[in-house]
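The structure appears below as structure tokens.
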Amino acid sequence: MRRISLKLKLTLLYTFFMALLTCAALAILFSLSSREVLTSVQSKLERRVQESAEEVSWRNGEVRVDSDFYSVTRDVYLSLYNEDMYFMYGRLPHGFSTQPEFSDGELRTIRDGNLEWYVYDMSVRLSSGDVYYIRGVTSVTNAEESFSVTIRFAMFILPLMVAATAVIGYRFTRRTLLPVRQITETVQEIRADADLSRRIALPEGRGKQRDEIYVLADTFDGMLSELEDVFEREKRFTSDVSHELRTPVSVILAQCGALMEEESLEPEVREQIGLIERKARGMAEMISQLLFLSRADQGRQPLQRERVNISELTEMTAEEQQMLAESDGRGVRIVCKIQENIFADVDETLYIRLLVNLISNAVRYSHENGEVKVGLRKEEDVAAGYVMDYGTGISADALPHIWERFYRADQSRSERQHSGLGLSMVKWIAEAHGGSVSVRSREGAGSMFLFRIPLEAADETENEEKSEKN
Ligand code: ADP
């Protein structure tokens, strides 16, 4: 299922609650049904008529009404009649033309064409002893209409408010979560390029607010600075140690060489010196690999790319490795399947190093009398090569780690002169040429290392070369 973003989740939450509120508001409005509204209209009518009794009086031998009697308060029209239904004072609403019989104290609904009216009559006995009738009339249609206008207005405005909440909520959440995206992108870039010098560095404006996300980004940046320091110190340490060890190891090797030339040496002593020499040579190799990688880390390992016939170079390296393989007496054979005359822009020394590391591993991890295949062919604009063996293979657990420095799948072999740096170099060399390296392996069945190197250097390198020539 597609992952729902936090942005969308929060927006849905706002909108859901707003919709809930809207439904509740509409439900309340509807529950105040038209009958309830009309009941309040009826009671207003009754009250108005009852109050108006005070505005009618007997003065100077005739019936009189106050000026208030004529005013239309709360939509109620008042009129005064004598006992014979003779209209004396007051006002009647426009459209009210029927003249129903009096019914004292009873509220009635009178329909007149399209219009509906509430009529309430009340008798008053004046000081003269005569009985008069006050009639109050109010429109039912008006009351219903004002109610339905309110409902219609609510039906329009409330969904609009839900939509506005969704839009504003989404924009607000997006703005708030923007720095989170920045943090994620920076961390992803750091992982992809292994470049610890990058920082999230949220813009200054946000800093003033110093909200939780800003503090998180700041903490990340602090942690990255510390990590970068640690890595820098580690690289410098490796580089310094390798430099320091180089001289004593060379001295040991030179002294061993000089001693071995001594003819009077006891065979036992000669053997012991031979062992020291082999170990020292292993150390010298490891130091040179360490120096190579630390130079590469610091960007101080330049590529001297030139157009080379890599078919010949591969063939030649494989032959040299064949001679070495013969000398260890395990009978491993190297078989080549190389397409002729492939030319590529490569650093010759580094290309040989890549091949040597792969082929020597293949020979080392082959069974006795095993076969190692070395292949190379042109595929569009890349040279695709492989080194394959039918030896021990690599377990699925170990496979993702073999490119790591000092990683050795089989620790029991550590007494041999293996540093666990060879494949790190292979990977660096392939990638520095703009290529890649990968592996397929099955434990017990063997391994196949594939590398791809572009035939032509990327533009920038070409330009550099051109400018150098000029
Ligand atoms: P090492 O000097 O130990 O060979 P590498 O970096 O060259 O270091 O290789 C790392 C590990 O990968 C080795 O220790 C070994 O376990 C495994 N490996 C490399 N190449 C092969 C191969 N052809 N067959 C089996 N295992 C291999």
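Just follow the structure's listing: the first ligand is 1, and inside any ligand the first atom is 1. What you are looking at is a predicted structure, and each value in this text was computed from that prediction instead of being measured. Note: hydrogens, waters and symmetry copies are ignored here, and every other heavy atom, side chains too, is used.
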Does ligand 1 have any atom sitting under 4.0 Å from a heavy atom of Asn357?
-> no
Sub-4.0 Å atoms of ligand 1 with respect to non-hydrogen atoms of Leu423 | 5 (P), 6 (O), 7 (O), 9 (O), 10 (C), 12 (O), 19 (C)
Counterpart residues, side-chain hydrogen bond (donor to acceptor under 3.5 Å, both in side chains), relative to Glu262 (two or more places apart) | none
Would you say Thr138's side chain and Tyr118's backbone share a donor-acceptor pair under 3.5 angstrom?
-> no
Could you tell me which non-hydrogen atom of Leu455 sits nearest to which non-hydrogen atom of Arg307, and how far apart they are?
-> O-NH1, 3.2 Å
Do Arg364 and ligand 1 have an N or O pair less than 3.5 Å apart?
-> yes
Please list, chain by chain and in numerical order, all residues satisfying ring-ring contact (aromatic ring centres under 6.0 Å, His included) with His367, sequence neighbours excluded.
-> none
Would you check if the side chain of Ser311 reaches a backbone N or O of Gln339 as a donor-acceptor pair within less than 3.5 Å?
-> yes
Taking the non-hydrogen atoms of Phe449, is any one of them nearer than 4.0 angstrom to ligand 1?
-> yes
In terms of atom number and element, which parts of ligand 1 are under 4.0 angstrom from non-hydrogen atoms of Thr392?
-> 25 (C)
Is Arg198 paired with Glu185 through a side-chain N to carboxylate O contact shorter than 4.0 Å?
-> no
Just which atoms of ligand 1 are under 4.0 Å from any heavy atom in Ile394?
-> 18 (N), 25 (C), 26 (N), 27 (C)
Looking at Glu285 and Arg281, does any basic side-chain N land under 4.0 Å from a carboxylate oxygen?
-> no
In terms of atom number and element, which parts of ligand 1 are under 4.0 angstrom from non-hydrogen atoms of Gly422?
-> 5 (P), 6 (O), 7 (O)
Counting N and O atoms only, with roles assigned by atom type, does the side chain of Arg333 sit under 3.5 Å from a partner on the main chain of Asn369, one being a donor and the other an acceptor?
-> no
For Gly420, the atoms of ligand 1 under 4.0 Å from one of its heavy atoms are 1 (P), 2 (O), 3 (O), 6 (O), 8 (O)
Counting from 1, what ligand 1 atoms have a heavy atom of Ile402 closer than 4.0 Å?
-> 10 (C), 12 (O)
Examine ligand 1 and decide if any of its atoms is less than 4.0 Å from a heavy atom belonging to Ser447.
-> yes
Output the list of atoms in ligand 1 that are nearer than 4.0 Å to some heavy atom of Tyr407, sorted by atom number.
-> 10 (C), 11 (C), 14 (O)
